[in-house]
Amino acid sequence: MSKRVVAISALAGAALLGGAGAYAFAGESRGTGPEVTEAAARYVAPSAGKDGSLTFTARVADDSGIRNLKVLAWPAGMSPAPDAKEMAHVESAACEPSGAAVLCTYEVKVTGAEAAESPKGTWHVGVLASAKDGGSTFVPKAADFTVKG
């Protein structure tokens, strides 16, 4: 299974989440790194033969500029939890200037089959923000959701 498929499968699983979350956080970093704020996720469940979707957004700021924001949803029961090294291999959100920061958005389609195969219970959405000067911020639990059975 490709890294892309693993990332999409994890995000698709998060799409079953029973609600949307909005959080502001500075993140966990080693040294100076980007600031991640206003994280939010919106889920639309698949229905009547139509795909659903998961959309994750966050504002990211750093004096040097933002290189990218990697996004991964993962079940809370997963052991071990993803780390910053693993986050480097998932897909990036699309980021566009928005005031003093950038607004990053990641959206993935969720099929009915993907939704049915996803683990039930608590899920976390983790992010890895990278700045142009090499600084980074890893937030393993930027948002939490519950997948209903």
Side-chain angles (χ1 to χ4, degrees), residues 1-29 33-62 65-78 81-132 135-149:
M1 184 177 291
S2 75
K3 291 176 184 172
R4 183 180 192 289
V5 172
V6 171
I8 289 174
S9 295
L11 283 167
L16 287 177
L17 307 171
Y23 299 86
F25 49 88
E28 300 171 10
S29 64
E35 180 180 6
V36 180
T37 60
E38 299 178 34
R42 181 173 182 265
Y43 169 66
V44 177
S47 64
K50 291 185 180 182
D51 289 341
S53 65
L54 172 67
T55 304
F56 179 84
T57 60
R59 291 197 181 280
V60 186
D62 187 88
I66 300 303
R67 184 176 34 184
N68 61 36
L69 180 72
K70 305 283 188 160
V71 179
L72 177 67
W74 54 281
M78 188 171 104
D83 61 23
K85 284 183 182 180
E86 292 166 329
M87 292 292 293
H89 301 289
V90 301
E91 293 182 330
S92 294
C95 297
E96 297 187 18
S98 176
V102 296
L103 178 62
C104 298
T105 303
Y106 185 83
E107 185 169 13
V108 62
K109 289 183 182 179
V110 181
T111 67
E114 290 169 329
E117 293 175 5
S118 296
K120 308 304 182 247
T122 301
W123 283 69
H124 305 296
V125 178
V127 298
L128 175 64
S130 299
K132 290 183 178 178
S136 65
T137 301
F138 174 54
V139 185
K141 297 177 184 176
D144 294 329
F145 300 91
T146 301
V147 176
K148 295 186 177 182

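Position 1 is the first residue of the sequence; numbering continues from there.
- Considering all non-hydrogen atoms of both residues, Ala81 and Trp74 come closest at CB-CH2, 3.5 Å.
- Annotation: the span from Asp51 atom CG to Glu114 atom CD amounts to 7.5 Å, rounded to 0.5 Å.
- We find the CE-OG distance between Met87 and Ser136 to be 11.0 Å, quoted to the nearest 0.5 Å.
- One distance of note links CG of Leu69 with OG of Ser92; it measures 7.5 Å at 0.5 Å rounding.
- Within the 3.5 Å criterion, the main-chain N or O of Leu128 finds no donor-acceptor partner in the side chain of Lys70.
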Pair Leu103-Glu96, side chain to side chain contact (heavy atoms under 4.5 Å, CB included): steps then yes or no: CA-CA 5 Å; Leu103 178 62; Glu96 297 187 18; 5.7 Å; no
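- Residue pairs meeting the disulfide (SG to SG under 2.5 Å) criterion with at least one member in residues 99-131, sequence neighbours excluded: Cys95-Cys104.
- Of the possible donor and acceptor atoms, one in the side chain of Thr137 sits under 3.5 Å from a partner among the backbone N and O of Pro34.
- Scanning for side-chain contact (heavy atoms from CB on, under 4.5 Å) contacts around Ala61 gives Ala101, with sequence neighbours left out.
- The NZ atom of Lys85 lies 12.5 Å from the CZ atom of Phe138; values are rounded to the nearest 0.5 Å.
- The CG atom of Asn68 lies 11.0 Å from the NZ atom of Lys132; values are rounded to the nearest 0.5 Å.
- The minimum heavy-atom distance linking Val110 with Leu54 is given by the pair CG2-N, 4.2 Å.
- Partners of Ala76 by side-chain contact (heavy atoms from CB on, under 4.5 Å), not counting sequence neighbours, listed by chain and number: Thr122, His124.
- The nearest pair of heavy atoms linking Val71 to Val90 is O-CG2, 3.7 Å.
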